[in-house]
Amino acid sequence: MPGFELFGDAERQEVNDVLESGVLMRYGFDGMRNGHWKAKELETELQNQLQVKHAQLVSSGTAAVSIALASAGIGAGDEVIIPTFTFVASFEAIMMLGAIPVLVEIDDTLTLDPEAVKKAITPKTKAIMPVHMCGSMADLSAIQQICDSHNLVLIEDSSQATGATYQGKPLGSIGDLGCLSLDYVKIITCGEGGAVLTNNEAYYRNADHYSDHGHDHVGNDRGAETHPFLGYNFRISELHAAVGLAQLRRLNEFVTIQKKNYSIIREALSSIPEVTFRRVPEGGEESYSFLSFFLPDLEATRKVSDTFQENGIDACFHYYDNGWHYIREWQHLKQLKTLYPLSKEVVEGMSYLNGATFPQSDDYIGRNISCLIKLSWTEEQVRERAVKMVECIKRILI
Ligand SMILES: Cc1ncc(COP(=O)(O)O)c(C=O)c1O
């Protein structure tokens with residue numbers, strides 16, 4: 001998946017432009033810049049490529065999620081529904097605002113189960129945040145309908161699925177707000193970075209000001225700008241944006257390579273009747289950054305995962321036993337281990353996690369393996385890998 005596998009002259013040239021002018025900051029210093037505005041340029045290209053009116057670059061995907069929520073006015077005591085299978089950033093970004101993450105079951109899409117979402121809605125619910133894990137997506141039509149009928153904000157976390165589409169539209173452009181991570185291990189990278197996407201002018205303005213200490217960005221004298229509301233610093237640097245600019249121009253090329261590699265492995269695994277694949281909602285087209293499949297039970301899945309590792313099939317994740325992406329191992333969240341006191345509202349709001357069980361998620365994640373699709377493999381390497389994977393799985397299942 002990661003774009004860093006194919007760094008080249010284009011990335012180097014963009015970074016050199018910034019170093020030659022010496023202006024590493026995205027705002028101000030107009031006279032010294034030699035016309036280089038890499039962050040602004042990348043925002044324009046993201047808007048064009050992801051078919052959205054506004055893109056605000058920020059320092060990380062985690063920041064993007066928090067800024068998206070803040071831009072929609074979500075904060076202290078508000079509930080945000082998220083899936084049990086995600087990255088820890090989802091609940092971190094919500095809790096950063098004093099809001100409450102409400103974790104609900106996933107289904108065979110490996111993302112939010114719309115029925116579980118409906119059951120979790122309370123008068124405090126303000127937003128639903130599907131997280132498009134491992135290159136594919138939630139059932140956005142069903143979730144959009146729920147949002148419409150309960151007047152909730154739809155925030156897509158598309159950090160792991162940049163380049164995928166749903167009913168012809170890029171993921172991240174469909175909800176009220178979309179979030180991307182552009183960190184080092186994403187399909188396209190800035191090194192570190194993220195983006196908030198939206199078609200809503202007011203949300204965009206909020207994201208723009210909030211991510212830069214509340215600066216209103218009117219005129220070209222930063223010191224004279226006003227601050228309509230409190231903000232923080234989640235700015236991206238020009239150096240990071242420069243790398244991302246070159247990478248975004250290669251997004252379609254990266255997706256094409258991934259699709260080719262993914263298809264070879266999927267075809268090979270399809271020869272095993274016990275292997276089933278993650279459901280992609282109707283009208284969805286993956287980014288092909290992972291191939292996710294199910295085995296018959298937890299025990300077989302653990303054994304296949306171990307056998308893959310012993311046989312050099314790297315980057316295949318059995319998230320059931322993983323500390324970063326699945327609720328089972330998030331003891332620090334369940335016990336609310338923080339460096340500082342949390343508000344009474346958050347402590348009470350999260351007490352539902354004490355003893356909570358997620359049998360449906362356990363079933364899907366227990367039987368799932370998600371294998372990263374690399375960009376740098378030769379066709380011969382992919383075919384060899386596919387053969388080895390089939391051998392490993394058959395050895396366990398027979
Ligand atoms: C689904 C998801 N959301 C958010 C993030 C956070 O992104 P970042 O590492 O840029 O803060 C990640 C990072 O892995 C992610 O996978």
Side-chain angles (χ1 to χ4, degrees), residues 1-4 39 42 46 55-70 80-97 99 101 103-104 106 109-112 127-138 140 143 154-164 170-172 174-175 177-197 207 211 232-237 239-241 243-244 247-248 278 286-287 289-290 292 315 317 319 322-327 329-330 333 361 365 368 370 372-373:
M1 163 170 88
F4 75 73
L42 177 52
L46 277 169
Q56 175 67 40
L57 282 172
V58 294
S59 51
S60 70
T62 312
V65 175
S66 209
I67 293 163
L69 291 160
V80 180
I81 295 176
I82 59 171
T84 52
F85 177 47
T86 178
F87 181 58
V88 289
S90 300
F91 61 76
E92 291 167 354
I94 294 166
M95 293 175 75
M96 213 150 86
L97 299 166
L103 288 124
V104 308
I106 58 158
T109 63
L110 293 179
T111 63
L112 281 179
I128 303 178
M129 187 164 79
V131 183
H132 304 308
M133 290 296 281
C134 301
S136 185
M137 69 217 72
L140 283 172
I143 292 170
L154 175 57
I155 299 176
E156 290 175 81
D157 182 346
S158 194
S159 295
Q160 292 199 10
T162 308
L171 291 189
I174 297 161
L177 291 135
C179 305
L180 307 182
S181 165
L182 299 164
D183 75 18
Y184 188 57
V185 290
K186 297 301 183 291
I187 180 168
I188 53 168
T189 182
C190 289
E192 295 286 359
V196 179
L197 311 175
S211 56
Y232 295 94
N233 177 7
F234 296 114
R235 289 188 306 259
I236 194 164
S237 81
L239 284 172
H240 291 92
V243 176
Q247 289 262 295
L248 179 62
R278 163 210 206 144
E286 299 179 65
S287 72
S289 49
F290 286 82
S292 298
F317 304 101
Y319 288 112
N322 170 300
W324 295 97
H325 293 87
Y326 186 53
I327 191 169
E329 298 292 339
W330 295 340
L333 174 70
S361 303
I365 295 297
N368 165 247
S370 290
L372 194 73
I373 301 295

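Indexing begins at 1, ligand by ligand and atom by atom, following the structure's order.
Ring pair F317/Y319 is parallel by interplanar angle, where below 30° counts as parallel and above 60° as perpendicular.
Within the 4.5 Å cutoff, no side-chain heavy atoms of M129 are placed close to those of T86. In this structure, the side chains of P83 and T111 stay at 4.5 Å or more apart for every pair of heavy atoms.
Every atom of ligand 1 is numbered from 1 in the order shown, and the set under 4.0 Å from a heavy atom of V131 is 1 (C). Atoms of ligand 1 lying under 4.0 Å from at least one heavy atom of S60, given by number and element, are 10 (O), 11 (O). The contact set between ligand 1 and G193, taken as ligand atoms under 4.0 Å from a residue heavy atom, comprises 10 (O). Listed by number with element, the atoms of ligand 1 under 4.0 angstrom from any heavy atom of A89 are 4 (C), 5 (C), 6 (C).
Considering both main-chain and side-chain atoms, E192 never comes within under 3.5 Å of ligand 1 through any nitrogen or oxygen pair. For ligand 1, the polar-atom distance check finds an N/O of T62 within less than 3.5 Å of one of the ligand's N/O atoms. The distance criterion of under 3.5 Å between nitrogen or oxygen atoms is met by K186 with respect to ligand 1.
Screening V104, I327, L110, T84 against S361 for a side chain to side chain contact (heavy atoms under 4.5 Å, CB included) leaves a single residue, T84.
Looking at atom 16 (O) of ligand 1, its nearest protein heavy atom turns out to be Q160 NE2, 2.9 Å. Here the heavy atom of the protein found nearest to atom 9 (O) of ligand 1 is D183 OD2, 2.6 Å. The protein heavy-atom contact nearest to atom 3 (N) of ligand 1 is D157 OD2, 2.6 Å.
Relative to atom 12 (C) of ligand 1, the option among Y184, F87, F85, W324 with the closest non-hydrogen atom is F87.
Under the rule for a side chain to side chain donor-acceptor pair (under 3.5 Å), T62 has no partner lying at least two apart in sequence or in another chain. Contacts of R235 classified as salt bridge (charged side-chain N to carboxylate O under 4.0 Å, His left out), with partners at least two apart in sequence or in another chain: D212.
The nearest pair of heavy atoms linking F4 to T189 is N-CG2, 4.1 Å. C179 and V65 make their closest contact through SG-CA, 3.7 Å (heavy atoms, listed as atom of the first residue, atom of the second, distance).
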